[in-house]
Amino acid sequence: MTQNKSVFLETHNIKNRTSGLGTFNYELIKGLESLPLDNLNLYLNSDNPSKLKSEFGDKFKYHRYIGAHRYKHLRPFKKYDLWHSVNQNSKIEPRFDTKYLLTIHDVNFVEEISSDMNHKKNLAFIEKLKKATAITYISEFAKKQTHQYFNVPTIPEYIIHNGNPISTILDTSTFVSNIPTDKPFLYSIGDFLERKNFLSVVKMMEHLTDFNLILSGNSNKPYGIEIASFIQENNLQNRVFLTGKVSDIAKQFYLSKCHAFVFPSIREGFGLPPIEAMHFGKPVFLSNKTSLPEVGGKHAYYWDNFDPEYMKETLIEGLNHFYNNKTEMELLMKERAASFNWKVAAAEYLKVYEKCLF
């Protein structure tokens, strides 16, 4: 009888479900739960393993994460047959030499922090590359970006697109928005970081009086404070609204009611929010940067620069096209969203585990 192989998933970021990495960890685990795990024991790393066990039961094994695990002499003591570092920034590493799968979402830190290869951030990533048995990327762009800046070892590499995080349409009929939604509005959601480029759509609103704009996310960050100041200084407070973080019900309410979804990010390893909007059959307006054309496909609308007047004209032109062909375009958006599936993605990760182990 073949002994089961152990796979450690470094998933401690699951604690922050509102973040992209938290969503990735949770949805990957949900996808894996739906599949047979023949000959594999998967260990999930979490600071609250009992919460995961209450949802997933005995399908997985569990490891309690503590912050001290990031220190070399306090790394997890058990030896695993395969260690899956589910993102490129994790500071939690195996204590023992073992097979090592590295998932890369992006290497934006080279552009945002330092391009000096002796910088500690880059050195830590280089160490991950050196120990990797195989690499998975969440987009073709992530692979291209990694090869642009780093000497990637000659090992197996795979592209596995993320799935659509909306698997269930929630009942939003009783949700009451504390922001007015009686006027047609544009919507976006994400981390308030400069690379998300939300300020560009806020500036566009100075030239677009027929719509409101609603932005969700952790707007208490410095970039969010900068945007809030711009809104006040330019008297946009009655047309541009920052909700802060929102619940899943609130998010689905705004996605289902918006006139269009806008996502002008200039650095994106993948980009889940546009898929969520397409799931509701909404037109999506994206920057044509990095991975977003991979996500939006040929039926999304794209900005190639961020001049406010140009953005407005592109938006109006796209909205006219979409709503003049509404039935067809809604179907195309929903089909595009459905092409991103977490069960399919999880099955691809399982195949990679098996290739690394057997």
Side-chain angles (χ1 to χ4, degrees), residues 15-23 26-27 164-265 271-286 308 311-312 315-316 319 322-323 330 333 337:
K15 66 183 177 182
N16 186 4
R17 285 283 315 282
T18 61
S19 71
L21 290 178
T23 298
Y26 180 72
E27 296 297 341
N164 178 3
I166 294 182
S167 56
T168 304
I169 301 293
L170 303 176
D171 179 8
T172 61
S173 59
T174 59
F175 176 77
V176 178
S177 173
N178 58 5
I179 286 170
T181 57
D182 51 331
K183 183 177 179 178
F185 67 92
L186 312 176
Y187 184 61
S188 196
I189 184 170
D191 270 345
F192 274 68
L193 302 171
E194 285 193 21
R195 60 183 163 88
K196 296 297 183 180
N197 199 26
F198 286 141
L199 186 56
S200 68
V201 286
V202 176
K203 290 180 176 180
M204 177 186 72
M205 294 303 295
E206 292 186 282
H207 307 275
L208 190 69
T209 57
D210 294 335
F211 296 92
N212 288 345
L213 171 66
I214 298 175
L215 300 174
S216 294
N218 47 353
S219 52
N220 58 340
K221 289 187 174 182
Y223 186 58
I225 294 168
E226 178 186 346
I227 289 172
S229 296
F230 183 91
I231 291 168
Q232 290 296 322
E233 290 165 6
N234 293 276
N235 297 314
L236 293 170
Q237 57 268 34
N238 293 321
R239 295 199 299 114
V240 180
F241 303 93
L242 308 181
T243 68
K245 291 182 180 180
V246 291
S247 66
D248 285 343
I249 288 178
K251 178 174 72 171
Q252 289 200 21
F253 174 86
Y254 293 123
L255 285 170
S256 64
K257 303 296 183 186
C258 72
H259 205 67
F261 185 82
V262 293
F263 202 70
S265 177
L272 290 171
I275 298 174
E276 296 176 304
M278 290 189 288
H279 187 74
F280 287 94
K282 298 298 179 178
V284 294
F285 291 81
L286 315 172
M311 291 181 74
K312 181 198 80 169
L315 181 83
I316 296 300
L319 289 176
F322 185 93
Y323 285 101
E330 280 186 348
M333 292 294 102

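Summarising the local packing, NZ of Lys203 is surrounded by 12 or fewer heavy atoms from other residues, nucleotides or ligands at distances under 6.0 Å. Atom CD of Gln237 has more than 12 heavy atoms from other residues, nucleotides or ligands within 6.0 Å.
The minimum heavy-atom distance between Lys183 and Arg239, with the atom names listed, is NZ-CD, 3.8 Å. Considering every non-hydrogen atom in both Ala277 and Val284, the closest pair reads CB-CG1, 3.8 Å. Closest non-hydrogen pair, Met278 versus Ala337, comes out as C-CB, 3.8 Å. Between Asn212 and Asn238, the shortest heavy-atom contact is OD1-O, 4.0 Å. The two residues Ile166 and His279 make their nearest non-hydrogen contact at CG2-CD2, 3.5 Å. Smallest separation of non-hydrogen atoms from Lys257 and Lys282: C-NZ, 4.3 Å.
When side chains are defined from C-beta on, Phe261 counts as touching Ile189, because their heavy atoms get closer than 4.5 Å. Residues Pro283 and Met333 fail the side-chain proximity criterion, which asks for heavy atoms closer than 4.5 Å. Between Met204 and Leu186 there is a side-chain heavy-atom pair separated by less than 4.5 Å. Residues Ile316 and Leu208 meet the side-chain proximity criterion, which asks for heavy atoms closer than 4.5 Å. Between Asp191 and Tyr223, every side-chain heavy-atom pair lies at or beyond the 4.5 Å cut-off. Looking at heavy atoms from C-beta onward, Ile225 lies out of side-chain contact with Phe192 at the 4.5 angstrom threshold.
Thr181 and Tyr254 form no side-chain donor-acceptor contact under 3.5 Å, judged by distance and modelled atom types alone.
Just one of Phe185, Phe322, Phe211 meets the ring-ring contact (aromatic ring centres under 6.0 Å, His included) condition when paired with His259; it is Phe211.
Between the Asn218 side chain and the Lys245 main chain, no donor and acceptor come within less than 3.5 Å of each other. Side chain of Ser216 to backbone of Thr243: no donor-acceptor contact under 3.5 angstrom is found.
Note that CD1 of Ile227 is 12.0 Å distant from NZ of Lys196, once rounded to the nearest 0.5 Å.
In this structure, Phe198 and Phe263 have perpendicular ring planes: the angle between them is above 60°, well past the 30° mark.
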